[in-house]
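The structure appears right after this line, and notes come after that.
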Amino acid sequence: MAIWTSCYICVLVLYIASLDVSTGKLQEQEGKTSAGGESATLTAHQIFFVVQSQRNRHHIEEAENLREDILRQSLGLGQASPEILFLHETEEPAGAWTILPILPRIASTLHGKLAWLFFCTEETLVDLKHLVHLLSQYDHRQEWFLGHPLHDEEATIIHHFAFHEGSTSFLYPDFEAGWALSRVLVDRLSKKWDLTSHDLDFTIDLKHEVALYIWDGGKGIKLTAVPQFCTLNETGKGCATAVNTTFPTCGKPVPVEDIFFAVKTCKKFHHDRVPIVWKTWGPQAKNIEFYSDESDPSIPTITLGVRNTERGHCGKMFAILKRMSSHHELQSIPWLVIVDDDTLISVPRLAALLSCYNTKDPIYLGERYGYGLHTGGGYNYITGGGGIVLNREGLRRLLASGCTCSSDDAPDDMILGMCFHSLGITTIHCPLFHQARPEDYAKGYLAHQIPISFHKHWNTQPLRVYCEWLFADDMSSNVCNSRDEL
Ligand SMILES: *[C@@H]1O[C@H](CO)[C@@H](O)[C@H](O)[C@H]1NC(C)=O
Ligand SMILES: *[C@@H]1O[C@H](CO)[C@@H](O)[C@H](O)[C@H]1NC(C)=O
C-alpha cells in the first residue's frame with residue numbers, strides 16, 4: 001500500500017528546531033521539587049484508569065481480571081475505588097482504541113479531585129500502592145506525560161520514517177507498561193482535539209502516534225521516562241507496573257490439522273520466497289496451499305483465474321475466501337490463516353493462541369491497523385503481512401453479506417476490514433503479529449514479547465529472523481539447529 005507517501009519533512013524540520021529546547025527536563029525539576037503538599041496525599045480515587053479492552057469474550061475476561069485486581073488492591077489500601085473505563089464499552093468502539101478521539105468525552109466526566117489518567121492494556125500488571133506513590137511525586141497541576149520509554153534504532157516504516165536524523169532520541173511510551181497523563185494535560189489535549197479538524201489517516205503504531213500528537217512538533221511536551229513503569233518486575237526498582245509476559249493461551253493448543261494456511265504468491269517469487277516458507281514454517285503446517293497467477297506443479301500452486309495485480313490483490317483474496325468456503329477438502333477446517341509468501345509465522349504459537357477463542361463467535365484476528373478513525377467514521381483492519389486469522393463463522397458471515405472488492409487491485413486487507421466493520425464484527429488485535437521486520441520495532445518492546453509473526457524479506461535474512469524470533473525448540477524443523485545454513 002502506498003501509505004508511506006505523506007510528507008513528514010515538516011515534522012522533521014520542527015523537530016530539529018526544537019532539539020535544544022529541553023522543556024521536559026525543566027518541568028521535571030520544577031515538578032519534582034514542588035511535589036509534596038497537596039500531591040503527596042494523592043489517593044487511588046484520584047486516578048482514572050483506562051483499559052485498552054477488546055470486545056471479545058476472552059479479552060473481556062482478561063480486562064475484568066485486571067479490574068478486579070485493581071479494586072481489590074484499593075480495598076486493601078483502605079482507599080475509595082478508582083474509576084476504571086473499558087475502551088470497548090465506549091460509544092465509538094471502532095475508534096476508541098486510538099484514545100485521542102475519546103479524550104474529550106472522558107475529560108468531561110472527570111470529578112473535581114481527579115488528578116491523573118492512567119492507561120494500560122490487558123497485559124499490564126499494576127501495583128496500586130506503588131503507582132499512587134509514584135504519581136504523587138509529580139505535581140499534577142503541571143502537564144505530565146509519563147511512561148516507560150521506547151525509541152527507534154533507525155527510522156522505520158511503521159513510524160512513516162519520521163525524523164530520519166533524530167529518530168533515536170524521540171521517546172514514546174511502551175503501552176504495555178502503562179502510561180499516565182496529568183489531568184491538566186488531558187484537559188488541554190481535549191480542547192485542542194475538539195478545535196482542530198482531523199485528516200483521513202492511518203493508525204499504525206498508536207504509541208508513537210500519541211507521543212507525536214502530545215509533542216506537537218515541539219509546541220507540546222515530551223515523554224518523561226519513568227523507571228518505575230517497568231516491563232520486567234525487577235526487585236529493588238520499586239516497579240509500579242510490569243508486563244505479564246506469559247504467552248496468551250487458554251488450555252490445549254488447537255490441533256494444527258484444524259488450521260488452514262493460504263499463502264499468496266505470484267510467479268515472480270516462486271523460486272525465492274516459496275523455498276523459504278518450506279525451509280521455515282511450511283513443514284509445520286498440515287494444511288497449506290499456495291495461490292499464484294501461474295501454475296507450478298513443483299510447489300504446487302493453485303491458480304484462481306484472477307489476473308495478478310502489482311498491488312492490492314483484493315480479487316485474489318476473495319477468490320481464496322470463496323475457495324475456502326466451497327472446496328470440499330477445506331470445508332471442515334475450523335481456522336483459516338491468510339499470509340503473504342514473505343510472512344514468517346510460528347505455527348505452534350498460533351495454535352496455542354487460538355485456544356483462547358470460541359469457534360462459535362466470528363473471529364477476525366491479527367495485528368490491527370486503523371483507517372480514518374480520527375474523522376469519526378473509519379474502520380479497523382487486520383494488516384495482511386502479519387497474517388489474517390479467520391474462523392468459519394467469520395468467513396460464513398463475510399461471504400453471506402455479499403461484501404466484496406471495489407476492484408481486483410483494491411487493498412485486500414483494508415477491504416476485508418471494511419466488510420467486517422460493516423457487519424459489526426470486532427477486529428481483534430494481537431500485538432504478537434507483526435506487519436514489519438524485527439528491526440522495525442523498538443528493541444525494548446520486542447524484549448517482552450513471544451512473537452507469532454513477522455513480515456518482509458527486504459534487507460534482512462529471513463532464516464535468521466525465523467530462528468531468532470519464531471522458532472520453538474519443540475518443533476520438528478531442524479533448520480535452526482544447523483546454524484551454518486544461515
Ligand atoms: C513485583 O513483584 C513483587 C514481589 O513479588 C510484588 O509484590 C509486586 O506487586 C510486583 N509488582 C508488579 C507491578 O507487578
Ligand atoms: C498473565 O497472563 C496469562 C496468560 O494470558 C494469564 O493466564 C495469567 O493469569 C496472567 N497473570 C496475571 C498475574 O495476571
Side-chain angles (χ1 to χ4, degrees), residues 1-6 8 11-12 15 123 147-177 202-212 223 225 231-232 243 245 247 269 272-273 275-277 279-281 339-346 349-350 366-369 382-388 413 429-472 479-480 483 485-486:
M1 267 168 299
I3 58 175
W4 316 112
T5 49
S6 333
Y8 279 86
V11 180
L12 173 67
Y15 181 66
E123 291 85 9
H148 179 97
L150 296 174
H151 68 91
D152 295 338
E153 302 288 317
E154 53 190 85
T156 163
I157 188 166
I158 62 165
H159 300 152
H160 305 246
F161 295 110
F163 327 122
H164 298 278
E165 306 301 327
S167 57
T168 56
S169 57
F170 184 75
L171 301 182
Y172 53 100
D174 194 323
F175 275 7
E176 266 109 42
F202 287 89
T203 308
I204 306 281
D205 188 18
L206 185 67
K207 51 193 182 297
H208 191 265
E209 289 153 25
V210 164
L212 273 182
L223 178 74
T231 48
L232 304 174
V243 181
T245 54
F247 187 87
F269 298 124
D272 51 1
R273 293 186 182 175
I276 293 199
V277 171
K279 273 195 178 163
T280 55
W281 63 274
V339 295
D340 289 350
D341 50 9
D342 56 350
T343 302
L344 297 168
I345 191 162
S346 164
R349 289 180 194 163
L350 175 68
E367 183 180 19
R368 173 187 51 198
Y369 281 7
I382 297 298
T383 178
I388 300 171
D413 51 2
H429 176 60
C430 174
L432 307 178
F433 292 80
H434 302 91
Q435 169 69 19
R437 309 161 307 156
E439 296 90 309
D440 295 310
Y441 301 86
K443 278 206 172 80
Y445 174 66
L446 291 185
H448 59 75
Q449 285 202 341
I450 301 170
I452 291 176
S453 70
F454 286 104
H455 175 230
K456 284 216 185 315
H457 294 176
W458 177 74
N459 232 352
T460 192
Q461 291 168 279
L463 292 183
R464 206 177 272 280
V465 168
Y466 179 76
C467 292
E468 186 175 340
W469 294 98
L470 299 167
F471 175 74
V479 62
C480 300
R483 292 252 159 192
E485 257 199 75
L486 304 185

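Computed over heavy atoms, backbone and side chain alike; hydrogens, waters and symmetry mates excluded. Remember, it's a predicted structure, so these values are computed and weren't measured experimentally.
Atoms CD1 and CG, from I345 and L350 in turn, are 5.0 Å apart once rounded to the nearest 0.5 Å. Atom SG of C480 and atom NZ of K279 lie 11.5 Å apart (nearest 0.5 Å). Atom CD1 of residue I276 and atom CG of residue D342 lie 9.5 Å apart, to the nearest 0.5 angstrom. Atom CD1 of I204 and atom CD of E367 lie 8.5 Å apart (nearest 0.5 Å). Here the CZ-CG distance, from R273 to D341, works out to 4.5 Å after rounding to the nearest 0.5 Å.
Looking at heavy atoms from C-beta onward, L432 lies in side-chain contact with F247 at the 4.5 angstrom threshold. In this structure, W469 and F454 have side chains that are in contact, with non-hydrogen atoms separated by less than 4.5 Å. The shortest distance between side-chain heavy atoms of P431 and Q449 falls below 4.5 Å. Taking the side chain as every heavy atom from C-beta outward, T280 and L463 approach each other to under 4.5 Å. Between I158 and Y369 the shortest side-chain heavy-atom distance falls below 4.5 Å. In this structure, P451 and L470 have side chains that are in contact, with non-hydrogen atoms separated by less than 4.5 Å. Annotation: side chain of E153 is in contact with side chain of K443 (closest heavy-atom distance under 4.5 Å).
The nearest pair of heavy atoms linking Y172 to A211 is CB-CB, 3.6 Å. Nearest approach of S453 to G386, heavy atoms of both residues: OG-O, 2.7 Å. For the pair V339 and G387, the tightest heavy-atom approach, listed with the atom from each and the gap, is CG1-CA, 3.9 Å. Closest approach of G147 and L223 over heavy atoms only: N-CD1, 3.5 Å. Smallest separation of non-hydrogen atoms from E439 and N459: OE2-O, 4.0 Å. Summarising the geometry of T460 relative to P462, their closest heavy-atom pair is O-CD, 3.3 Å, with the distance given to 0.1 Å.
R437 is linked by a salt bridge (charged side-chain N to carboxylate O under 4.0 Å, His left out) to D440, counting only residues two or more places apart in sequence or in another chain. Looking at residues two or more places apart in sequence or on another chain, you find no ring pair (Phe, Tyr, Trp, His ring centres under 6.0 Å) involving H457. In terms of the salt bridge (charged side-chain N to carboxylate O under 4.0 Å, His left out) criterion, residue partners of D205 (sequence neighbours excluded) are, by chain and number, K207.
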Worked check of side chain to side chain contact (heavy atoms under 4.5 Å, CB included) between K456 and D340: CA-CA 9 Å; K456 284 216 185 315; D340 289 350; over 6 Å; no
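Checked against the 6.0 Å centroid criterion, the rings of H208 and F170 qualify as a close aromatic pair.
Remark: side-chain polar atoms of H429 are paired, donor with acceptor, to backbone N or O of R368 under 3.5 angstrom. The backbone N or O of R349 lies less than 3.5 Å from a partner atom in the side chain of S346, making a donor-acceptor pair. Panel note: side chain D413, backbone G384; a donor-acceptor pair is recorded below 3.5 Å.
T231 and E176 are not linked by any side-chain donor-acceptor pair at a separation below 3.5 angstrom, with hydrogens and angles left out of the test.
In this pair, Y445 and H434 present their aromatic rings perpendicular. The plane angle is above 60°, beyond the 30 to 60° band.
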